[in-house]
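Values below: all heavy atoms of this structure, side chains included; hydrogens, waters and symmetry mates excluded. Read the numbers this way: they start at 1 and go in the same order the structure lists the ligands and their atoms. Treat the numbers as computed from the prediction; the structure is a model and nothing was measured.
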Amino acid sequence: MSTDVSFDEPFVAFARPDIGREEIDAVREVLESGWLTTGERAHDFEREFAAFVGARHAVALNSGTAALHLALEAIGLGRDDEVIVPAYTFTATAEVVLYFGAKPVLVDVDARTLNIDPAAVERAMSARTRAIIPVHFGGLAADLERISAIARRAGIAVIEDAAHAIPTRYGGRLIGSASDFTCFSFYATKTITTGEGGMLCTDDDAHAERCRIMALHGINRDAWKRYRAEGSWFYEVVAPGFKYNMTDLAAALGLVQLRKVRRMRDRRQEIAMLYNGALGQNAHYEIPSFGDPEAHAWHLYPLRLNLARFRIDRSQFIDELRARGIGTSVHFIPLHLHPFYRERFGYRPEDFPVSFAEYQREVSLPIYSLMTDREIQKVIAAVLDTGRQFSA
Ligand SMILES: *Cc1c(COP(=O)(O)O)cnc(C)c1O
């Protein structure tokens, strides 16, 4: 451990997008082309993304939330249906279920992986369950084998919330074609970004077609085809759709980011291994469970504090790291603790004991490809220093 790190150096941000000259040039090219919204770049991005993850169809959208929404629309989710989602996730995973007047049925997660617990899924199944939405927490694949088996037996859909999972490997293949739908996010902090954006992947032709139509006002042909010289002015509205299409500006960013995806992931793995090496043997901390490190996207590094070893709580720990120049975050505030879910469904904190307990001791450390070696050492020094100073 280097002892020459000064906490007076510039602040280490929690996340920073890896945007370079190539992204800037790609966006400029689109600006100069005169075609800003969905067009050739979006189609190229869909084609390259589908080929990369090994999916038959990829539909480029303006958010990961839109992808989740369209997947549920495509299966015909109805009022009073139920969809099983982990309590330990971002609100997007569950809010899309509420768009339909259906019920998100929360279940607890596995304490080791923080991924949805298949045994809890089994217990939550009912005659009204229409789908399961596992989240690949932090970029570590959920137990799709067991979840798919449960879904198959019941004849219901699996919709993966893969917002953290590009690129995550599962069973020797990249996440993207294992289930009925896989939904990716390109939000600014995600592993590849288009500022805002998302991608829905499916191997089912009819599902893909429905999602494409609903992503653009329920129109049966997209604007790109409509306005091309050889195209026609005619279109038909076949359903009350949404406005979820990805712009060419965003897709131009996505194409460059996708070509860098491997390099960025490999750097995040290096960072994770340095954190593991420095913190893994320290009684104050529990390092993330990761299985095969090569299979992990390493979107997050969810460190957990052994609170019994501390005189301070997690939020004071975060303050101490900030005072030492380190930005952190918490993933996640479990859904059942938020006022909306608490009031609507009457949840109490202890209803999902694992989510509740792990939330109270989780701190996500910075992990992104632009981090310098010095910044990594500074994070490690700040974590160790805080543990020493506030040891119980
Ligand atoms: C970011 C995120 C989403 C939503 O993605 P957007 O592109 O921001 O809509 C959904 N689920 C999880 C777990 C996320 O982290």
Side-chain angles (χ1 to χ4, degrees), residues 14-15 17 42 45 49 58-73 83-99 104 106-107 109-110 113-116 131-142 144 147 158-168 175-176 179 181-201 211 215 242-247 249-251 253-254 257-258 268 288 296-302 328-338 341 355 358-359 362 364 367-368:
F14 171 65
F45 187 33
F49 195 92
V59 182
L61 303 165
N62 60 9
S63 76
T65 306
L68 292 165
H69 183 192
L70 291 178
L72 291 173
E73 201 284 330
V83 176
I84 296 175
V85 306
Y88 207 77
T89 186
F90 184 57
T91 188
T93 316
E95 79 189 19
V96 290
V97 176
L98 290 153
Y99 293 176
L106 304 189
V107 300
V109 292
D110 179 283
T113 62
L114 301 176
N115 274 326
I116 194 166
I132 306 166
I133 310 185
V135 177
H136 305 299
F137 179 80
L140 176 68
L144 289 180
I147 291 159
V158 174
I159 298 167
E160 294 172 52
D161 180 338
H164 302 179
I166 170 142
T168 291
I175 288 293
S179 304
F181 300 89
T182 311
C183 303
F184 296 93
S185 168
F186 310 130
Y187 180 65
T189 59
K190 298 287 157 70
T191 60
I192 70 173
T193 186
T194 61
E196 299 279 0
M199 193 73 81
L200 178 144
C201 290
C211 291
F242 310 102
K243 187 62 167 56
Y244 284 163
N245 54 304
M246 178 181 278
T247 67
L249 282 168
L253 274 173
Q257 290 269 295
L258 185 60
R268 292 193 303 274
H296 201 304
W298 293 111
H299 167 52
L300 298 176
Y301 188 89
T328 57
S329 190
V330 172
H331 295 88
F332 286 99
I333 303 167
L335 296 182
H336 71 295
L337 301 184
H338 289 286
Y341 293 95
S355 298
E358 298 312 314
Y359 155 64
E362 198 273 351
S364 297
I367 182 164
Y368 46 92

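Of all atoms in ligand 1, listed by their number and element, those nearer than 4.0 Å to a heavy atom of T89 are 13 (C). Interface atoms of ligand 1 facing T93, defined by a heavy-atom separation under 4.0 Å, are 11 (N). Every atom of ligand 1 is numbered from 1 in the order shown, and the set under 4.0 Å from a heavy atom of A92 is 4 (C), 10 (C). Set against the non-hydrogen atoms of G197, the atoms of ligand 1 under 4.0 Å away are 7 (O). In summary, the atoms of ligand 1 found under 4.0 Å from a heavy atom of H164, numbered by their order in the structure, are 13 (C), 14 (C), 15 (O). The contact set between ligand 1 and A163, taken as ligand atoms under 4.0 Å from a residue heavy atom, comprises 2 (C), 3 (C), 10 (C), 11 (N), 12 (C), 14 (C), 15 (O).
Heavy atoms of S63 found under 4.0 angstrom from ligand 1 belong to the backbone as well as the side chain.
Side-chain contact annotation: S364 with H331, donor-acceptor N/O pair under 3.5 Å present.
At least one donor-acceptor pair under 3.5 Å links the side chain of Q257 to the backbone N or O of T193.
Not a single heavy atom of A67 sits less than 4.0 Å from an atom of ligand 1. Taking a 4.0 Å cut-off on heavy atoms, K190 registers as neighbouring ligand 1.
Taking each heavy atom of N115 and V135 in turn, the nearest pair found is OD1-O, 2.8 Å. The minimum heavy-atom distance between A163 and D161, with the atom names listed, is N-OD1, 3.1 Å.
Given atom 11 (N) of ligand 1, the protein heavy atom at minimum distance is D161 OD2, 2.7 Å. Of the protein's heavy atoms, S185 OG, 3.1 Å lies nearest to atom 5 (O) of ligand 1.
The number of heavy atoms from other shown groups lying within 6.0 Å of OH (Y187) does not exceed 12.
The side chain to side chain contact (heavy atoms under 4.5 Å, CB included) test with I116 is passed by exactly one of L106, V107, D110: V107. Of the listed residues (E160, H296, H299), just one forms a side chain to side chain donor-acceptor pair (under 3.5 Å) with H136, and that residue is E160.
In this pair, F332 and F90 present their aromatic rings tilted. The plane angle is within the 30 to 60° band. Using cut-offs of 30° and 60° for the angle between ring planes, the F45 and F186 rings count as tilted.
Between G64 and ligand 1, at least one pair of N/O atoms sits closer than 3.5 Å.
Of the candidates L61, T189, T65, T65 brings a heavy atom nearest to atom 4 (C) of ligand 1.
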